[in-house]
Amino acid sequence: MIDRAGEKIESIVPHEGPGVRINARPADGFLPDEPRGILQCENVDVYYGSFRAVTGVDLKFGLHEITALIGPSGCGKSTLLRSLNRMNDLVDGARVEGRVLFDGEDIYGSKVDAIEVRRRIGMVFQKPNPFPKSIYDNIAYGPRVTGMRVDSMDDLVEEALTKAALWGEVKDKLKQSAYSLSGGQQQRLCIARTIAVKPDVILMDEPCSALDPIATVRIEDLMHELRREYTIVIVTHNMQQAARVADRTAFFTAFADEGTGDRTGVLVEFGKTTQIFEHPTDQRTEDYISGRFG
Amino acid sequence: MRTLGGTIDGAIRPERPLASGTNGERRPAPLTFLVLLWLSLVVAFGVLVTLIVTIIIDGQGQFTGRLLSEYPASSPDRAGARPAILGSAWVIATTAIMTIPLGIAAAVHLEEFADKRNWFNRMIELNVQNLAAVPSIVYGLLALAFLSLLGVRDKNIVIGGALALSLLILPVIIIATREALRAVPTEIREGSLALGATQWQTTWRQTLPSAVPGIATGSILALSRALGEAAPLLVLGALVFVSFDPSGILSGYTTLPIQIFNWTGRPQEGFHQLAAATSVLLLGVLVLMNGLAIYIRNRFQKRW
């Protein structure tokens with residue numbers, strides 16, 4: 001299979017084949033039974049005004065692991081993701097109860113600067129959202145606005161693009177508009193942009209839902225690469241994707257409030273991806289995984 | 001009838017044949033509606049063309065270099081609109097300098113920073129919408145009252161007129177700027193904030209630059225509205241007979257619409273022709289400004 005740049009994509013092969021292929025952690029990557037939680041939710045509720053979108057979430061996102069949040073539409077998985085780096089602060093009326101600990105510190109603490117939280121915990125969005133600037137300036141923007149000390153911006157841009165597996169495709173056109181790139185390249189540019197400010201955690205909100213299958217595979221491969229240095233949390237609608245990329249999976253669903261009819265999301269089950277997909281303990285998880293609802 | 005492929009018996013219920021030789025869009029009801037739409041267009045366009053053609057015919061005799069270079073005079077053969085042209089330029093430039101930064105700042109606050117659920121902000125928003133529809137003479141009276149409070153005796157000065165016109169177009173610029181800001185996708189703001197940029201940096205480096213074409217277009221259209229206004233300036237006692245060039249923001253002035261108003265009121269036919277010629281000039285400037293606005297919009301429009 002040939003992509004835009006005429007480069008052969010070898011990595012697509014292992015992903016082919018029938019059924020759900022479950023991510024095999026590389027031989028050197030030992031996955032402990034309990035995640036070493038660098039980011040942790042303790043009894044988290046997220047509200048929009050008086051509407052409770054998610055309730056009672058206890059989760060640990062393990063260091064240098066990929067955690068997938070899956071579940072049917074409206075189960076609050078994106079809402080929860082956006083509360084992990086205080087992106088929800090920007091929504092009028094949104095508030096979080098409970099604690100979100102980043103390296104042991106509550107990111108909603110009174111002395112915490114949300115700006116710094118967002119630099120340390122980056123985010124990649126559903127739709128590729130490059131800035132209307134050159135490829136170079138897209139990467140350099142983050143380091144510039146956060147006032148990072150940079151010896152050579154050129155080196156930093158190259159490093160970020162290389163890590164995002166985009167350098168080879170764009171190194172000769174760094175001054176061109178980011179909009180000249182394909183959708184998949186734009187999304188890798190957005191990942192490179194996030195990497196450039198040297199975060200610890202990268203949150204991904206359905207990063208492949210606007211991309212074609214080949215671009216999706218490239219992003220998934222990239223996630224496997226990035227896991228060596230970053231902790232990744234990904235929301236996905238695509239169960240196969242969760243199975244392919246995630247070390248651990250959290251399954252959410254929604255229940256309707258009897259009085260108001262509002263639907264509130266809850267965490268049903270959390271565990272290693274192999275366990276969630278092969279031996280789910282909760283009937284709802286099993287129904288969802290086997291395609292009986294959602 | 002010729003069949004191109006095979007037909008399947010009984011697969012389709014026989015109703016009207018597809019090739020009936022009629023056109024459903026040409027039945028009486030849709031056709032009447034279409035004709036009415038066309039008539040509306042003809043009436044609207046016809047009135048405009050008549051108006052423009054009439055003033056061009058009326059004014060053609062006076063449309064000479066003298067119109068641009070001479071001062072008003074007691075005889076139409078020696079009179080020109082030079083002070084009015086310069087006066088309009090002074091007033092509009094002063095208005096632009098006073099209004100555009102203020103309007104953009106107000107819009108940025110309302111759109112990017114204000115909590116839209118707060119009743120006070122919602123009230124301001126509603127009132128800005130309403131202010132855009134207030135008759136211009138009311139703004140003239142407001143400016144008059146304001147200048148009186150400040151104890152300004154001669155209110156027919158450039159800055160006074162600019163104040164009235166600024167009040168008039170401020171809501172228009174705020175609304176246009178808000179529209180332009182709203183057209184910048186939320187994803188761009190979120191992308192910036194997610195990298196650790198502050199709201200201020202995001203507004204200054206992403207949202208505002210992307211909204212500049214829309215802001216420029218809206219501002220030019222608002223200024224062209226101000227350029228055509230006479231009423232608020234007349235309330236402030238703008239001079240109708242000016243035989244000197246305005247020299248600063250405290251100088252007396254007249255503008256094109258006021259000059260037209262003045263000449264139209266004279267009994268001599270020659271002044272009516274001068275008024276028509278000046279109208280053509282004003283119209284030409286307005287067309288140029290609106291053309292510039294359209295050019296900016298098309299040239300710099302972003303497709304997200």
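Numbered from 1 within each chain, the chains take letters A, B, ... in sequence-line order. It should be emphasised that the depicted structure is a prediction, and the values quoted were computed from it without experimental measurement.
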Within a reach of under 6.0 Å around [atom1] of [X], are more than 12 heavy atoms found that belong to other residues, nucleotides or ligands?
X: A/Tyr47; atom1: OH; result: yes
X: B/Asn130; atom1: CG; result: yes
X: A/Glu105; atom1: CD; result: no
X: B/Leu18; atom1: CG; result: no

Item to check | Interchain contact, A/Met123 with chain B, by part (heavy-atom threshold 4.5 Å) | outcome: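 For A/Met123, the contact with chain B is made by backbone and side chain together.
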Item to check | Per-residue contact mode, A/Arg86 against chain B (heavy atom under 4.5 angstrom) | outcome: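 Contact with chain B is absent: no heavy atom of A/Arg86 under 4.5 Å.
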Next on the checklist: In the structure I gave you, are the side-chain heavy atoms of B/Gln206 and A/Pro132 within less than 4.5 Å of one another anywhere?
Outcome noted: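 B/Gln206 reaches A/Pro132 side chain to side chain.
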Next on the checklist: Are B/Leu193 and A/Leu90 packed together at the side-chain level, in the sense that at least one heavy-atom pair is separated by less than 4.5 angstrom?
Outcome noted: yes
Checklist outcome for this item: CZ of A/Phe125 to CD1 of B/Ile188, rounded to nearest 0.5 Å, is 10.5 Å
Checklist entry - Just how far is it from atom CG of B/Leu195 to atom CZ of A/Arg119, taken to the nearest 0.5 Å? => result 10.5 Å
Less than 3.5 Å apart, which donor and acceptor atoms pair up between the side chains of residues 117-124 of chain B and the rest of the protein, not counting sequence neighbours?
{"from": "B/Asn118", "atom 1": "OD1", "to": "B/Phe120", "atom 2": "N", "distance (Å)": "2.8"}
{"from": "B/Asn121", "atom 1": "ND2", "to": "B/Asp115", "atom 2": "O", "distance (Å)": "3.0"}
{"from": "B/Arg122", "atom 1": "NH1", "to": "B/Arg117", "atom 2": "O", "distance (Å)": "3.4"}

Item to check | Leading residue by heavy atom contact count with chain B [cutoff under 4.5 Å; candidates A/Glu116, A/Arg144, A/Lys133] | outcome: A/Lys133
Checklist outcome for this item: Residues passing the side chain to side chain contact (heavy atoms under 4.5 Å, CB included) test with B/Gln201, sequence neighbours excluded, are A/Val145, B/Ala197, B/Thr198
Item to check | Selection from B/Arg205, B/Glu190, B/Lys116, B/Glu187 maximising heavy-atom pairs under 4.5 Å formed with chain A | outcome: B/Glu190
Next on the checklist: On a heavy-atom basis, which atom in B/Ser192 and which in A/Tyr141 lie closest, and how many Å separate them?
Outcome noted: OG-OH, 2.7 Å
